[in-house]
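Okay, so here's the structure we're looking at.
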Amino acid sequence: MNAGGSLRNLKSHNYQLLLDLLGGAYFEDIDGFYGGNQAESDLNNPNRQVVVGDAYGYNYKYTATVFDAFTQFKFSYDKIDFYLAQSFSNTNYQREGLYKNGIYETISFGKREKVPFENFGFKGGVLFKISGKQSLNFNGAHLSKAPTIRNTFPNARLNNSIVDGLQSEALNSLDATYVFRSPKLKARLTAYYSTIKEATKTSFFYAEGIFDNGAGYTNTNAFVSQTLTHLDRKNIGAEFSFEYQITSTLKGSLSAGYGQFTYDSNPTVSINNDAVATVENTNPSFDFGTALLKNYKQAGMPQQAYGLGVDYRDPKYWWVGININYLADSYIDISPIVRTAGFYTNPASGFPFPEATEERARELLKQEKFDPAVLLNLIGGKSWRIKGKNLGLFASVNNVLASNYKTGGYEQARNANFRQLNQDVSSGTPSFGNKYFYGYGRTYFVNLYFNF
């Protein structure tokens with residue numbers, strides 16, 4: 001039996017700090033986009049003039065206390081091993097506002113009551129020892145996980161409100177692995193299935209044409225925070241690895257991974273717009289309904305990956321290796337707001353755009369798939385024994401071919417309705433097209449070490 005526990009306590013102070021007045025005598029701590037009390041960052045100190053070294057704009061503290069405990073029971077026999085494990089965690093988040101923000105007079109200053117989460121987890125597995133060379137392993141888990149503190153307080157800089165209907169994530173997973181080991185050959189085959197349910201995700205962006213007449217004001221553009229709730233993900237896939245000792249000095253390896261990583265629900269979308277907050281309306285959050293994300297691909301990783309490598313180790317203590325990797329089926333991160341019903345509504349009239357056809361919408365909302373990437377890497381090294389001491393050299397060159405490839409990206413949500421997005425895309429040179437992240441070109445690394 002193994003058992004353990006941990007207690008973690010976070011205290012975080014977050015604020016803007018004035019570093020340079022650029023020749024000025026002071027800076028007025030007000031927001032020029034607002035008027036009256038709403039322009040004040042801190043109504044407890046109105047019309048405040050700040051100088052170098054002062055905090056301004058926003059000022060708050062986070063406190064997070066997390067207690068974790070687990071137990072694990074493991075049983076070992078000649079032909080079978082198995083284990084059972086349990087976990088428990090208690091999480092408490094709290095925000096303390098040090099400024100009384102003019103937009104949120106009643107919910108920005110002071111300590112909010114703690115936001116608690118209690119979570120449990122169960123895990124188990126069994127290992128069948130088929131022979132000295134072969135084994136079969138099964139694992140399963142069900143657990144819940146508290147949302148992050150960032151996703152708990154969607155607008156922490158200005159107020160202490162929390163996401164409506166916030167709850168812990170639920171994670172479930174199953175996997176099976178076959179392993180073969182011999183003096184010359186090692187192989188592993190794994191299949192897995194996992195789900196994450198009831199996730200929460202918060203993001204910030206500026207959107208045009210996002211609000212209609214139902215929002216209660218005429219300006220349809222705003223810098224907003226977007227919160228997704230009831231967001232589910234599903235990951236299914238298989239992995240294979242193979243290693244063979246061709247000779248005493250030469251070894252080859254092969255690996256492959258294939259998966260389907262998709263969104264598995266149509267989450268609820270809410271938009272928070274500070275511009276319409278008043279003393280009477282302290283929670284200017286608008287329900288945009290559901291975003292049709294189910295079966296779209298998750299971003300951030302290739303869904304196919306293959307690798308082939310060869311290593312040579314010389315008896316005179318030098319070695320060199322080369323491997324080539326093929327990465328495919330990577331997708332851009334999609335914008336939920338343009339996949340809600342509001343995307344088709346003219347914010348000026350409240351009626352659907354007459355030119356919005358299903359065929360054109362399907363083209364505009366098609367998720368971009370990145371081109372495959374091929375990466376060639378070289379590694380090598382040499383070691384020397386000098387008077388009982390070890391001197392070594394290690395070097396690597398990654399992406400030898402200097403391939404230019406996209407590692408990720410996201411759709412911009414600025415054009416939040418059909419007409420604006422269609423006009424921007426149809427121009428041929430979109431002003432607010434997709435944003436991309438790129439991998440490094442050719443990179444070098446050299447390490448010289450001495451052990452004594």
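One is the number of the first residue; the rest follow in order along the sequence.
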Atom pairs and distances, donor-acceptor, side-chain atoms in residues 140-150, under 3.5 Å, two or more places apart:
residue : atom : partner : partner atom : Å
His142  : ND1  : Asn172  : OD1          : 2.5
Ser144  : OG   : Asn119  : ND2          : 3.0
Ser144  : OG   : Phe120  : N            : 3.2
Ser144  : OG   : Phe120  : O            : 3.4
Thr148  : OG1  : Asn151  : N            : 3.2
Thr148  : OG1  : Asn151  : ND2          : 3.3

Side chains of residues 430-438: which donor-acceptor partners sit under 3.5 Å, not counting sequence neighbours?
residue : atom : partner : partner atom : Å
Asn434  : ND2  : Glu368  : OE1          : 2.8
Tyr436  : OH   : Glu368  : OE1          : 2.8
Tyr436  : OH   : Glu368  : OE2          : 3.2

N/O donor-acceptor pairs under 3.5 Å from side chains in residues 351-364, not counting sequence neighbours:
residue : atom : partner : partner atom : Å
Glu355  : OE1  : Arg419  : NH2          : 3.1
Glu355  : OE2  : Arg419  : NE           : 2.8
Glu355  : OE2  : Arg419  : NH2          : 3.3
Thr357  : OG1  : Arg360  : N            : 3.2
Glu358  : OE2  : Arg362  : NH2          : 3.0
Arg360  : NE   : Asn422  : OD1          : 2.7
Arg360  : NH1  : Glu363  : OE1          : 2.8
Arg360  : NH2  : Asn422  : OD1          : 2.9
Arg360  : NH2  : Ser426  : OG           : 3.3

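Between the side chain of Gln226 and the backbone N or O of Phe204, no donor-acceptor pair lies under 3.5 Å. For Asn45 (side chain) and Arg48 (main-chain N/O), no donor-acceptor pair under 3.5 Å exists by modelled atom type. One N or O on the side chain of Asn399 and one on the backbone of Tyr440 form a donor-acceptor pair closer than 3.5 Å. In this structure, the side chain of Arg95 engages the main chain of Ser108 through a donor-acceptor pair within 3.5 Å. Between the side chain of Glu40 and the main chain of Asn47, a donor-acceptor pair closer than 3.5 Å is present. Here the side chain of Gln72 pairs no donor or acceptor atom with the backbone of Leu84 at under 3.5 angstrom. At distances below 3.5 Å, not a single donor-acceptor pair connects side-chain atoms of Arg233 with backbone N or O atoms of Ile196. Gln167 places no side-chain N or O within donor-acceptor distance of the main-chain N or O of Glu198, the cut-off being under 3.5 Å.
Side chains of Ile236 and Tyr192 form no contact here, defined as non-hydrogen atoms less than 4.5 Å apart. For the pair Thr91/Phe67, no side-chain contact is recorded, criterion being any heavy-atom separation below 4.5 Å from C-beta on. Taking 4.5 Å as the limit, every side-chain heavy atom of Tyr263 sits out of range of all side-chain heavy atoms of Lys294. The side-chain heavy atoms of Ile324 and Asn377, taken from C-beta on, include no pair separated by under 4.5 Å. Using a 4.5 Å heavy-atom cutoff, the side chains of Leu136 and Phe138 are in contact. For the pair Pro302 and Asp329, the minimum side-chain heavy-atom distance is 4.5 Å or more. Residues Phe370 and Tyr405 fail the side-chain proximity criterion, which asks for heavy atoms closer than 4.5 Å. For the pair Ile271 and Ser225, the minimum side-chain heavy-atom distance is 4.5 Å or more.
Between the side chains of Asp287 and Ser270, not a single donor N or O lies within less than 3.5 Å of an accepting N or O. Using modelled atom types, one finds no donor on one side chain facing an acceptor on the other under 3.5 Å when comparing Asn266 with His230. Residues Asn325 and Asn323 bring a donor and an acceptor atom of their side chains to less than 3.5 Å of each other. Using a 3.5 Å distance cut-off with no hydrogens or angles, the side chains of Gln412 and Tyr410 do not pair a donor with an acceptor. If you check the side chains of Gln260 and Lys297, you find a donor sitting under 3.5 Å from an acceptor. Checked by atom type, the side-chain pair Gln298/Tyr296 shows no donor-acceptor distance below 3.5 Å. Checking Thr190 against Thr177 by side-chain atom types alone, a donor-acceptor pair falls below 3.5 Å. Side-chain contact of Glu243 with Ser253: a donor-acceptor pair under 3.5 Å is absent, judged by distance alone.
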With side chain to side chain contact (heavy atoms under 4.5 Å, CB included) as the test, would you mind laying out the steps for Asn137 and Val126 before giving the verdict?
-> CA-CA 6 Å; Asn137 189 18; Val126 57; 5.8 Å; no

Report task. Go through the steps for Asn90 and Asn92 under the test side chain to side chain contact (heavy atoms under 4.5 Å, CB included), then give the verdict. Result -> CA-CA 7 Å; Asn90 181 278; Asn92 286 278; 2.8 Å; yes

- prompt: Can Asp29 and Ser41 be said to form a side-chain hydrogen bond (donor to acceptor under 3.5 Å, both in side chains), step by step?
  reply: CA-CA 6 Å; Asp29 190 14; Ser41 296; 3.0 Å; yes

Check the pair Leu166 / Thr200 against side chain to side chain contact (heavy atoms under 4.5 Å, CB included), numbers first and verdict last. CA-CA 8 Å; Leu166 184 68; Thr200 302; 3.5 Å; yes

Verify side chain to side chain contact (heavy atoms under 4.5 Å, CB included) between Leu171 and Glu169, making sure each step is shown before the conclusion.
CA-CA 7 Å; Leu171 293 83; Glu169 299 177 6; 4.1 Å; yes

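For Arg339, the CZ atom is densely surrounded, since the number of other residues' heavy atoms within 6.0 Å is greater than 12. Heavy atoms from other residues, nucleotides or ligands lying under 6.0 Å from NZ of Lys186 number 12 at most.
Contacts of Asp333 classified as salt bridge (charged side-chain N to carboxylate O under 4.0 Å, His left out), with partners at least two apart in sequence or in another chain: Lys201. Applying the ring pair (Phe, Tyr, Trp, His ring centres under 6.0 Å) rule to Tyr178 yields no partners; only residues at least two apart in sequence or on another chain are considered. Every residue meeting the salt bridge (charged side-chain N to carboxylate O under 4.0 Å, His left out) condition with Lys234, not counting sequence neighbours, appears here in chain and number order: Asp264.
The line from CG of Leu308 to OH of Tyr306 is 13.5 Å long, rounded to the nearest 0.5 Å. Between the CG atom in Leu17 and the OH atom in Tyr56 there is a gap of 8.0 Å [rounded to 0.5 Å]. The line from CG of Asn159 to CZ of Arg112 is 9.5 Å long, rounded to the nearest 0.5 Å. Gln94 contributes atom CD, which lies 9.5 Å from atom CG of Asn160 (distance to the nearest 0.5 angstrom). With rounding to the nearest 0.5 Å, the separation of OH in Tyr58 from CG in Asp42 is 15.0 Å. Rounding to the nearest 0.5 Å gives a distance of 7.5 Å between OG1 of Thr262 and CG of Asn235.
Contact detail for Val338 and Phe343: the closest heavy-atom pair is O-CG, 3.2 Å. For the residue pair Pro267 and Leu293, the shortest heavy atom distance occurs at CG-CD1, 3.6 Å. Taking each heavy atom of Asp311 and Ile322 in turn, the nearest pair found is OD1-N, 4.4 Å. Nearest heavy atoms, Leu21 versus Ala25: CD1-O, 3.5 Å.
A salt bridge is defined here as a Lys NZ or Arg NE, NH1 or NH2 lying under 4.0 Å from an Asp or Glu carboxylate O, and Arg8 with Asp68 meets this definition.
Annotation: Tyr60 is in aromatic contact with Tyr62 [ring centroid separation under 6.0 Å].
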